[in-house]
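Chain identifiers are assigned alphabetically (A, B, ...) following the order of the sequence lines, protein sequences preceding nucleic acid strands; residue numbering begins at 1 within each chain. Hydrogens, waters and symmetry mates play no part in the numbers below; they use all other heavy atoms, side chains included.
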Amino acid sequence: MDSHKGVLVCGEIAEGKLAPITIELLGAGRKLANDLGEELSTLLMGSKTGGLGPEAIAYGADKVYVAEDNLLDQYNSDAYTQVAADLCRKVLPSIMLLGHTDVGCDLAPRLNGRLGGGLAMDCLELSVDPATKLMASTRPVFGGNAHATMVSKSARPQMATVRPKTVPAAERNDSRQGQVIPVEGKIDPSALKVTVVERIKEAVEGVKLEDAEVVVSGGRGIGNAQNFEMVRELARVLGGAVGATRPACDEGWTPVTLQVGQSGKVVSPKLYIAVALSGAMSHIAGCLGSKVIVAINKDKEANIFSVAHFGIVADYKEVLPALTAKFKELLSK
Amino acid sequence: MSPTGVSYWGIPGYVIFWVLFAIALGLFAQRAYFLFRLMRLGKPENRFDRIGQRIKTMLVELVPQWCTLKTVTRTDRAGIGHALFFWCFALFFISYIIFIGLAGGFGLSSLIERTPFETVYFSILDIAAALVTLTLIVAAVRRYVIRPQRLEPTAEAGFILMMVFFLMVLHVFGGAFDHAARGVHASWPPLGGALAGLLRNAGLSQGTLEAGYRGVWWLHYLVILSFMVYIPRSKHLHILASPVNAFFKPLGPKVVLEPVPLEGVETFGASKIQDFTWKDLLDLYACAVCGRCHVNCPAQLTGKTLSPREVIHNLKEHLLEAGPGLLARQTEASSESPSETQARTEPKAMIGNVVTEEEIWACTTCGACQEVCPVNIEHIRKIIDLRRNLVMTQSKMPESAQLMLRNMQSRGHPWAGIQSMRLRGDWTSGLDLKILAEGDNADTLFWVGCTGALVERNVKATLSMTAVMKAAGVDFAVLGDAETCCGDPARRAGYDFQFQIMAEQNIDMFKSHNVKEIVTSCPHCYNTIKHEYPRYGGDFKVVHYTQLIADLIKEGRLKLTNELNAKLTYHDPCYLGRYNDVYLEPRRILQAIPKTKLEEMERSRATGFCCGGGGGLMWIEEQPGTTKINQMRLEDVIKTGAETVVTACPYCLQMFEDSIEHKGLKDSLKARDLVELVEAAMKQS
Amino acid sequence: MNTIVCVKQVLDPEIPPAKFKIDPEAKQVIPPPGVPPVISVYDERAVEAACRLKDKHKGKITVISMGSAKASDVIKHAISMGADDGFVLQDPAFENLDSFGTAYVLGKAIQKIGGYDLVLCGRQAADWGAGQVGSILAEILGLPVITLACDVQAVDKKVRVKRMVNDGYEVVEAPMPSLVTVSSEIGLPRLPGGMGLMMARKKQIPVWKAQDIGAETSQLDKANAHTEITALSVPTRKTECEIVTGGTPGEAASNLASKLIKLL
């Protein structure tokens, strides 16, 4: 256990650049490394990583391990697990951080299983006790009804997947110094059992949900597919993204990719407008990180009002058109 | 000389008479037997209890024509016409037996014909013939000129009207020719006598008159025989089938649902026509296609594709089409192997081919169809049997139904957890109530029901109920957290298994607390526990709160002294009204409340229009139509000018709150549960 | 095609938030009275995935659940959906295990059952939601693993899985036997039909103890736990919701927009 030192961030590359989550992880990782008094490294896997190493250093990494291979071009479960696990066994980090993304949700448990560490997923808060060198990870449980703090007393590495947009991103400092270390070893293609057959990008109308500054979500109370257009219209006017609750997706009013909630996307925009949704904990779990939550629901007892900052108790059909119109007017000024 | 006493082309008239009769009877019997065998394809069902009462019911429906007189309303008085027609034609029918059968067939004409008896009887028949003709003309004008919604201007109906008219004409002409040929001058029978005069003055020879008489007589006889042959081959089969159907009508609860067997079956509910019981198939024969069900069905009236008339009609057509194949399986000699026969004669699945899913899921089980049906057809159980097949065998149902049934299974109630924001026993907090724990006993149990415990608006009514009972000194207990659903939504949606599990659990629970009497606020719980639980071993005295409160007022245990100054109307819940004939008690309660003016809706009591919440439709999405059922009902309320619509059912209350809000009338129209008014009228101690 | 499905019985996730109570000392959740536990949301979908495969390819579905004696209810629920057999894994040594411990026990049971082409799990448990058991289990059993499935098909000797990813979905294949964790996007699980309910009613569910599956208690020693919970709390959200009003809902909307415009 004592042989494990330092913080290793398993970064993600998106469209040839460091994904925003990576920059957030570097921010969180830097703080943990400082508290530990140890190094912060990051692992970048891809087919073309040139230039990203120095960028990671500028964001706070002391060492950047770069694994370049055509087989790593897109996320491949077996390949990434193999490369990351091999590196971990060499580097022996005390703490390992990944993003709670579809990559992280697949990679982290597998790595954990292979390395025998201790993993806490979907963390909202991470801290290190400098005395014990133990990381405490706080994560939502029971659909967000409670928070649990987890600790791995002896299992190493201590792993955590961090929820996007919950920890502040690292600040860029191009004068920082660090090392870029290429990772050796070829990946054996025959060892890759899981193969990707095809990837389909679902054309998402407008802004991407996870990145949006404004999200307008509709719930079961919208009532039918036609009326969901009112939600979309408001989102359009605000330059935001459309979200939905699980029941609304189940009804087929929006594609499942727009589901916000415990089993859907977790978003933390500046403004989250919840329209005609009751506010089941499993949905709130997906939007609680929003700076300002607004609820529009005709039931004044709806749970969403208990987490909203502003609300209107009325039928959304009577509110949305006026709201959209007023926003349009104010934004055109 | 009776026309049968003469020979024609060397053949004695009697011979011709009986040969014709034999042929007609044979054709009639063949068809009747065929239909009987088809009916027997259905599953067994025991409707042979209380034979005495059944005979009485049948005679009352038939003889004084209660079957159609019970359907007479201010706007539809056709039942009177039918009764009149029936009685008159019954007289004719008797005359056929006497004057054609006995006189002609058995050669007793000398005893019967040209007697004062004949004169009197024929005079009566003349009047009857005029009345019959009148009813036929009115019927024809209604069906083909006025064209009310419920009547279809079919060729078949027209043919029957013509045939009957023809019989009247032939009867009168027959008598007339007879008199003219015999040179009888009589003023009685009036029509016959007058017509005889015309014939005499027409200058026809004696021979022509005699030939005319014989000709008309035999033509008359032929038409009668053809009619006999035609009856079982047309919708006039109802003449034979409906008295039988009246005999077998349900004597207890109006909707008799057979429990689904838990063992030894491969499919559930009705998939093929032979999955119905013989009684269901008999219903199809009894239908006279009168269309009353069609124009009273809330689904049909709000533009859904469901029409009870069409369902029954299509099932009947399907039975006649698929039946012969099924019967063929029973015959021995065949060149095919049994499996080949099986495959060739397999009836098509009813769902999708004879009745559509959209029709099946549109039904609120309100019972209006059964209430107005003159021939006692049981429409509802067929719909539920089809739902059982969809849900329990095919696992096919609207998603809203699936979500509700999943909730029934995992949570024991139909209201989705998070939406309700409360747990089962929450409503009791802060109240001084006797909540039954294990081992406790209670004589009277107040059964709250899922809606009354879990839905905000309805909890208010539950609280009113406990306040009223306490004020009246009723000693009652509640189950609190331990109460689960009575099972009604699952049963109506066709998920009978789940219903049975819940029913058995509830019965065990009642028995473990030695409960004797159950008081409930929900008519669905009331109906289910009272009428359907006994089948599973649960026999309790079940009371709806309106019955209890009406009694309490009568006994003076409840004094309503606060003036409410309300102009209100009362909506009869289907499961309290039509299903259980509880119409008076709620009205008595309203009468006892000072300063309330009750304005009845046009469609009330037995003709009350459904709120749209029954049959599982409180949760199952309404099928596409022109408007929603609850919105149509609200129009009835608005017409009365009432400020408050009062009801005694949690579903109805929800439906009115919803429609009032939808129409934007929240400020001028209130929906209230009757018990809330009672509490408000009680002197607060 | 034979499948084994791992299911967990959890506290009903749809209890009203106001009713959710914890014991911070024991770091446990106190279940509210009268609320029956349910099958974990994702595990039920794993059963649904198995049933869809059985509809197409026939075969046997075995369901296992590590939990209390009441866990037989979720096994029966799975059987009523279409599973053939089930076992409850119950032993004092199985209580309060972390993800590794759980995966170990499940792995032992799966090895005892044997003869499978596919193991299906939910992506995470609807209660503690650690989200790792499936992947660790795959590692123990040496199986290829695919996570977050929203559709599972069997093609030739491979499992073909559709996974939701960030901006769409991908189709991934692995040779069988393999392990797949299932997400909620697979759709609404089927309502148990009459036949299934009949079967479940009759079925006796055997209980396996540690010795029945060859689980060594040394492996289950709590001291060897990889993670432990040091604190459990209910987050207090200090939000006073400001209800915006107006003469009409339209006016209220106008007022709201005026308040929010400074955020944009």
Interface residue of largest heavy-atom contact number with chain C, from [options], under 4.5 Å:
options                                : answer
B:Val265, B:Thr484, B:Asp496           : B:Val265
B:Thr393, B:Thr267, B:Val260, B:Asp481 : B:Asp481
B:Arg424, B:Gln498, B:Glu263           : B:Glu263
B:Met392, B:Glu483, B:Arg406           : B:Arg406

- Task: Among C:Pro32, C:Pro37, C:Pro189, single out the residue with the greatest number of heavy-atom pairs under 4.5 Å to chain B.
- Result: C:Pro189
Atom of [X], atom of [Y] and distance for their closest heavy-atom approach:
X        : Y        : answer
C:Met195 : B:Phe268 : N-CE1, 3.2 Å
C:Met198 : B:Leu262 : CG-O, 2.8 Å
B:Ser410 : C:Pro36  : O-CG, 3.7 Å

Say you draw a straight line from [atom1] of [X] to [atom2] of [Y]; how long is it, rounded to the nearest 0.5 Å?
X        : Y        : atom1 : atom2 : answer
B:Gln409 : C:Leu197 : CD    : CG    : 6.0 Å
C:Met81  : B:Ser395 : CE    : OG    : 9.5 Å
B:Gln402 : C:Arg190 : CD    : CZ    : 9.5 Å

Tell me whether [X] at atom [atom1] has more than 12 heavy atoms from other residues, nucleotides or ligands lying less than 6.0 Å away.
X        : atom1 : value
B:Lys43  : NZ    : yes
B:Lys434 : NZ    : yes
B:Asp432 : CG    : no

